[in-house]
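Have a look at the structure below before the remarks.
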Amino acid sequence: MSYMEELKTYIRKHVFGAETQGTLFNQYRHVNSEYDRKDANLTRQKNLMAYCDQLSDSIDVMFVGIAPGYSGCRFSGVPFASEQTLLGKKKSNFFDPSLYSQSSNGKPRTENSATKVWNSISDCVDSTVLPHIFLWNVVPYHPQGQTALSNRDPEDWETEQYAALCQGIIDILKPKQICAFGEIPHKKLKSMLKRDIQYIPHPSRASYTTLKDAYASIF
């Protein structure tokens, strides 16, 4: 079994059907009829599997964030990617729009962080490098804030609960380098893995230039 097939099997088993507590929303299991199309959870599952299918079996760099944002992975199903990114409405030089579908009602969702991440990466590396980059979140589900369309920082118990799941993905892919978007995942990964983790400012707070400068030290 290839790395990616092993990864997809792992995600199907441990991520898609998991029950969540409190205001943590499993976008691969649940549907919010106010904002989601029918069977939106299945669309997000398919999108994440399509993302894995576009990757190489050899992952050089794994970027890890803390949790999905309400306009990004919450609807797209793909970490650090919005629906507009997947559907070719935003520059990425990686995603094949024919492989992805929209899960939200109305116009495809867009997210500033997702746009900055993929635009800046695409500007820093050759397109042949992109399949060797994998993006994930320590907590794979959306931490809802006061409303369904808002974010909050995950609680300590949430990052603790899903750290082992993230570790399982790292064990499968064996990336040559791991980078963390933001202080919380950086501290968590350093403590969990006992290895050097490259810190990158979170795209919601970092400028486009800052992100490109950070990538320059990696690629």
Side-chain angles (χ1 to χ4, degrees), residues 7 11 27 44 47-48 50-56 59-97 99-100 102-104 108-143 149-151 153-154 166 169-170 173 175-189 197-219:
L7 175 65
I11 289 173
Q27 63 271 19
R44 293 187 280 265
N47 283 348
L48 184 53
Y51 170 55
C52 293
D53 285 337
Q54 283 200 252
L55 296 170
S56 165
I59 298 300
D60 293 330
V61 183
M62 179 173 173
F63 290 98
V64 183
I66 187 60
Y70 74 88
S71 287
C73 181
R74 154 63 179 86
F75 285 102
S76 72
V78 178
F80 285 97
S82 69
E83 290 183 318
Q84 289 205 9
T85 300
L86 298 185
L87 298 175
K89 309 295 183 180
K90 298 289 183 179
K91 172 184 170 185
S92 73
N93 297 341
F94 175 69
F95 296 105
D96 179 352
L99 302 177
Y100 300 94
Q102 179 179 345
S103 76
S104 64
R109 298 275 173 171
T110 186
E111 182 184 64
N112 185 49
S113 293
T115 300
K116 280 198 289 187
V117 165
W118 283 101
N119 282 9
S120 54
I121 289 178
S122 296
D123 281 347
C124 287
V125 302
D126 185 89
S127 60
T128 59
V129 176
L130 295 175
H132 299 273
I133 298 172
F134 180 70
L135 288 88
W136 192 252
N137 286 294
V138 174
V139 178
Y141 312 120
H142 174 226
L149 297 185
S150 64
N151 299 323
D153 289 335
C166 184
I169 289 177
I170 292 170
L173 297 181
K176 297 175 183 177
Q177 187 170 2
I178 301 176
C179 304
F181 283 119
E183 294 181 1
I184 297 176
H186 183 248
K187 291 178 180 178
K188 171 58 63 178
L189 291 171
I197 305 295
Q198 175 80 34
Y199 169 77
I200 299 177
H202 195 279
S204 65
R205 300 175 178 86
S207 69
Y208 183 82
T209 301
T210 299
L211 288 175
K212 287 188 67 175
D213 288 345
Y215 299 144
S217 66
I218 298 170
F219 299 106

Answer yes or no: is there a donor N or O on one side and an acceptor on the other, between the side chain of [X] and the main chain of [Y], under 3.5 Å?
| X | Y | answer |
| --- | --- | --- |
| Asp126 | Thr128 | yes |
| Gln102 | Ser104 | yes |
| Ser120 | Val117 | yes |
| Gln27 | Pro140 | yes |
| Lys116 | Pro203 | yes |
| Asn47 | Ser76 | yes |
| Glu111 | Ser82 | no |

Within-4.5 Å side-chain heavy-atom neighbours: [X] and [Y]:
| X | Y | answer |
| --- | --- | --- |
| Val61 | Pro175 | no |
| Thr110 | Lys89 | no |
| Phe181 | Tyr199 | no |
| Leu135 | Tyr51 | yes |
| Arg109 | Leu149 | yes |
| Phe75 | Leu86 | no |
| Gln198 | Ile218 | yes |
| Ile66 | Asp153 | no |

| said: Does Gln54 have more than 12 heavy atoms from other residues, nucleotides or ligands lying within 6.0 Å of its CD? | reply: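 Counting neighbours around CD of Gln54, more than 12 heavy atoms of other residues, nucleotides or ligands fall under 6.0 Å, so yes.
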| request: May I ask you to check whether over 12 heavy atoms, not counting those of Tyr70, lie within 6.0 Å of atom OH? | output: no
Shortest non-hydrogen contact from [X] toward [Y]:
| X | Y | value |
| --- | --- | --- |
| Pro79 | Asn137 | CB-ND2, 3.8 Å |
| Leu55 | Leu130 | CD2-O, 4.4 Å |
| Ala180 | Pro185 | CB-C, 4.0 Å |
| Ala67 | Tyr141 | CB-O, 4.0 Å |
| His186 | Ile197 | NE2-O, 3.0 Å |
| Val139 | Pro68 | O-CD, 3.2 Å |

| Intermediate values then yes/no, side-chain contact (heavy atoms from CB on, under 4.5 Å), Ile133 and Ile59 | CA-CA 6 Å; Ile133 298 172; Ile59 298 300; over 6 Å; no
With rounding to the nearest 0.5 angstrom, report the [atom1] to [atom2] distance, [X] to [Y].
| X | Y | atom1 | atom2 | result |
| --- | --- | --- | --- | --- |
| Trp136 | Ile170 | CH2 | CD1 | 11.5 Å |
| Asn119 | Ser122 | CG | OG | 6.5 Å |
| Asp60 | Lys176 | CG | NZ | 4.0 Å |
| Cys73 | Leu48 | SG | CG | 7.5 Å |
| Asp123 | Leu211 | CG | CG | 11.0 Å |
| Cys52 | Leu7 | SG | CG | 4.5 Å |

| task | Give a yes or no on whether the ring-centroid distance for Phe63 and Phe134 is below 6.0 angstrom. | result | no
| query | Hey, would you say the Trp118 and Phe80 ring centroids sit under 6.0 Å apart? | reply |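 Distance test on ring centres: not under 6.0 Å, no.
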| message | Does either side chain, that of Arg44 or that of Ser103, offer a donor lying less than 3.5 Å from an acceptor on the other one? | response | yes
| Evaluation steps, side-chain contact (heavy atoms from CB on, under 4.5 Å), between Asp96 and Leu99 | CA-CA 6 Å; Asp96 179 352; Leu99 302 177; 3.8 Å; yes
| message | Applying side-chain contact (heavy atoms from CB on, under 4.5 Å) to Ile184 and His202, what does each step give before you reach the verdict? | response | CA-CA 10 Å; Ile184 297 176; His202 195 279; over 6 Å; no
| query | Can you list the steps and then say if Cys166 with Leu189 is a side-chain contact (heavy atoms from CB on, under 4.5 Å)? | reply | CA-CA 9 Å; Cys166 184; Leu189 291 171; 4.3 Å; yes
